[in-house]
Amino acid sequence: MQEDRYSLPQRLLHWGIAGLVALALAAGILFFVFGYDGLNTTFGGAVTNALYKYHKTAGVLVLGLMLLRIALRLSLGAPPKLESLTPQERILSTAVQHLLYLALIALPVFGWLATAAGGFPVEFFNWTLPGLIGKDKVLSEILFTLHGLAALAVMLLLGLHIAGALRHWLIKRDGVMRRMSLFG
Ligand code: HEM
Ligand code: HEM
């Protein structure tokens, strides 16, 4: 690996996953605001079903790509942190990044299992993936609550992560952004 930035596969995965998480979050926020029935009456059955199908598809893709990303992180490592980082920045950025890894595995796993326990199909494009657990309405409700809480945690962590990235990029201008950038 070039010592001063993440390897190209790691940078591609970072931005690919970021895009998929943004799409899954956007659909999830619509589910939260409108609910299934609200979406049906506002947008019609076809759009509602497509939103659910592609929400699940994006989430399953995030899960698969996150596993690949963790394998690459463990085998290729990361470039050493910049000297310009204060001890507080080092601790905070590392904690937020590790919690993001954890939350982005837990979130789709909860979604998958909640869906299966609710008796709904785990859709991946036009396929239906194995549910892995049997139908159980009470368990499904608990897992959907955990899914919603994990999504909230991801939003909070992303707020900190993006604020930190923008601060380095636009205010400190210390080259942190370049480590993950696909350009220059
Ligand atoms: C859903 C969106 C995002 C997720 C899940 C995410 C997740 C992560 C994770 C887990 C890392 C740590 C990589 C590692 O050390 O293995 C990382 C690094 C990084 N991210 Fe993000 N990120 C997202 C969006 C963004 C955005 C929008 C920006 C810029 C505005 C950004 C800028 C960076 C930078 C610059 C690094 C490298 C930090 C370093 O020098 O170690 N990320 N991201
Ligand atoms: C990055 C991945 C994911 C994100 C960011 C995400 C985010 C969200 C959010 C914010 C909600 C609304 C929560 C609420 O209403 O309390 C939601 C609901 C939902 N998610 Fe996900 N999700 C992801 C992955 C998945 C996966 C993999 C599945 C299933 C295979 C799934 C299935 C569902 C379903 C069925 C709902 C609707 C729950 C309801 O209407 O009560 N999600 N998701």
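Hydrogens, waters and symmetry mates play no part in the numbers below; they use all other heavy atoms, side chains included. Both counts, for ligands and for their atoms, begin at 1 and track the order of listing. Computed from a predicted model, the values in this text were never measured in an experiment.
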Keeping Gln10 on the side-chain end and Gly77 on the backbone end, is there a donor-acceptor pair under 3.5 Å? yes
Donor-acceptor pair, side chain of Trp15 and main chain of Met180, under 3.5 angstrom: yes
Distance under 4.0 Å to a non-hydrogen atom of Leu100: what atoms of ligand 1 satisfy this? 7 (C)
Check whether any side-chain N or O of His147 sits under 3.5 Å from a backbone N or O of Leu107 as a donor-acceptor pair, and report yes or no. yes
Quick check against the 3.5 Å criterion: does Arg69 have a side-chain atom that pairs as donor or acceptor with the backbone of Gly64? no
Main chain of Pro121, side chain of Lys56: is a donor-acceptor contact present, judged purely on distance under 3.5 Å? yes
For Gly59, take its heavy atoms, then give the atoms of ligand 2 lying under 4.0 Å from any of them. 2 (C), 24 (C), 27 (C)
Is atom 41 (O) of ligand 2 in close reach of the protein, with a heavy atom under 4.0 Å away? no
Atom 17 (C) of ligand 1: of Arg73, Met155, His161, Met177, the nearest heavy atom sits on His161
Contact check: Tyr6 vs ligand 1, nitrogen or oxygen atoms, below 3.5 angstrom: yes
About how many Å separate OH of Tyr36 and CG of Asn49, when rounded to the nearest 0.5 Å? 4.5 Å
Which residue and heavy atom of the protein sit nearest atom 13 (C) of ligand 2, plus the separation: Gly148 CA, 4.1 Å
Nearest 0.5 Å, please: how far is CG in Leu156 from CG in Leu100? 10.5 Å
Trp15 touching ligand 1 at heavy-atom level, < 4.0 angstrom: yes
Spell out, as yes or no, whether a donor-acceptor pair under 3.5 Å connects the side chain of Arg11 to the backbone of Ser181. yes
If you count the non-hydrogen atoms of other residues, nucleotides and ligands that lie under 6.0 Å from CZ in Arg90, is the total more than 12? yes
Run down the list Leu158, Ile17, Leu170 and name the one with the heavy atom closest to atom 3 (C) of ligand 1. Leu158
Would you mind listing which atoms of ligand 1 come within a distance below 4.0 Å of any non-hydrogen atom of Ile162? 26 (C), 27 (C)
Measure from the side-chain N and O atoms of Trp112 to the backbone N and O of Leu63, and report whether any donor-acceptor pair falls under 3.5 Å. no
Those atoms of ligand 1 less than 4.0 Å from some heavy atom in Gln97: 10 (C), 11 (C), 12 (C), 15 (O), 38 (C), 41 (O)
At less than 4.0 angstrom from any non-hydrogen atom of Ala165, what atoms of ligand 1 do you find? 29 (C), 30 (C), 32 (C)
Distance col, row Ser84:OG vs Glu89:CD, nearest 0.5 angstrom, shows 7.0 Å
Proximal ligand 2 atoms for Thr115, defined as those under 4.0 Å from one of its heavy atoms: 29 (C), 32 (C), 35 (C)
Heavy atoms only, cut-off 4.0 Å: how does Phe120 contact ligand 2, side chain, backbone, both, or neither? neither
Which atoms from ligand 2 have a heavy atom of Val60 less than 4.0 Å away? 27 (C)
I'd like to check whether Trp112 has a polar contact with ligand 2, where a contact means an N/O of the residue lying under 3.5 Å from an N/O of the ligand. no
Shortest reach to atom 25 (C) of ligand 2 by a heavy atom, considering only Lys56, Lys53, His147: His147
Judged by atom type as modelled, is there a donor-acceptor pair below 3.5 Å linking the side chain of Thr128 to the main-chain atoms of Glu123? no
Between Tyr101 and ligand 1, does any nitrogen or oxygen pair lie at a separation below 3.5 Å? yes
Subset of ligand 2 atoms that lie under 4.0 Å from at least one heavy atom of Pro108: 27 (C)
Kindly say whether Gly111 contributes a backbone atom to a donor-acceptor pair with the side chain of Thr115 at under 3.5 angstrom? yes
Atom pair CE/CZ of Met177 and Phe183 - distance to nearest 0.5 Å: 10.0 Å
With atom 22 (N) of ligand 1 as the reference point, say which of Arg5, His14, Met66 has the nearest heavy atom. His14
In terms of its nearest heavy atom to atom 4 (C) of ligand 2, the top option of Leu104, Val21, Leu107 is Leu107
Can you check whether Tyr52 and Phe31 have ring centres sitting under 6.0 Å from each other? yes
Hey, does Tyr36 sit under 4.0 Å from ligand 2 if you only count heavy atoms? no
Name the closest protein heavy atom to atom 7 (C) of ligand 2, giving the residue it belongs to and the distance to 0.1 Å. His55 CE1, 3.5 Å
Identity and separation of the nearest protein heavy atom to atom 12 (C) of ligand 2: Gly28 O, 3.2 Å
Side chain, backbone, both or neither: the part of Ala18 lying under 4.0 Å from ligand 1 by heavy atom: both
From Leu65 CG over to Leu12 CG, what is the distance, rounded to the nearest 0.5 angstrom? 11.0 Å
What part of Arg179, side chain, backbone, both or neither, has a heavy atom within less than 4.0 angstrom of ligand 1? side chain
Atom OH of Tyr101 with >12 non-hydrogen neighbours under 6.0 angstrom: yes
Of Tyr52, Phe34, Phe32, the one whose closest heavy atom lies nearest atom 39 (C) of ligand 2 is Tyr52
Answer with side chain, backbone, both or neither: which part of Gln10 has a heavy atom less than 4.0 angstrom from an atom of ligand 1? neither
Here the atoms of ligand 2 under 4.0 Å from any heavy atom belonging to Ala151 are 10 (C)
What protein heavy atom sits nearest atom 38 (C) of ligand 2, and how far off is it? Phe144 CE2, 3.6 Å
With the side chain counted from C-beta on, respond yes when Glu141 and Leu146 share a heavy-atom pair under 4.5 Å apart, and no when they do not. no
Just going by heavy-atom distances, which of Arg69, Met180, Arg11 is nearest to atom 9 (C) of ligand 1? Arg69
For ligand 1, the portion of Val176 having any non-hydrogen atom under 4.0 Å away: both
Check ligand 2 against Phe31 and write out every atom of the ligand that is under 4.0 Å from a heavy-atom position of the residue. 18 (C), 19 (C), 36 (C), 37 (C)
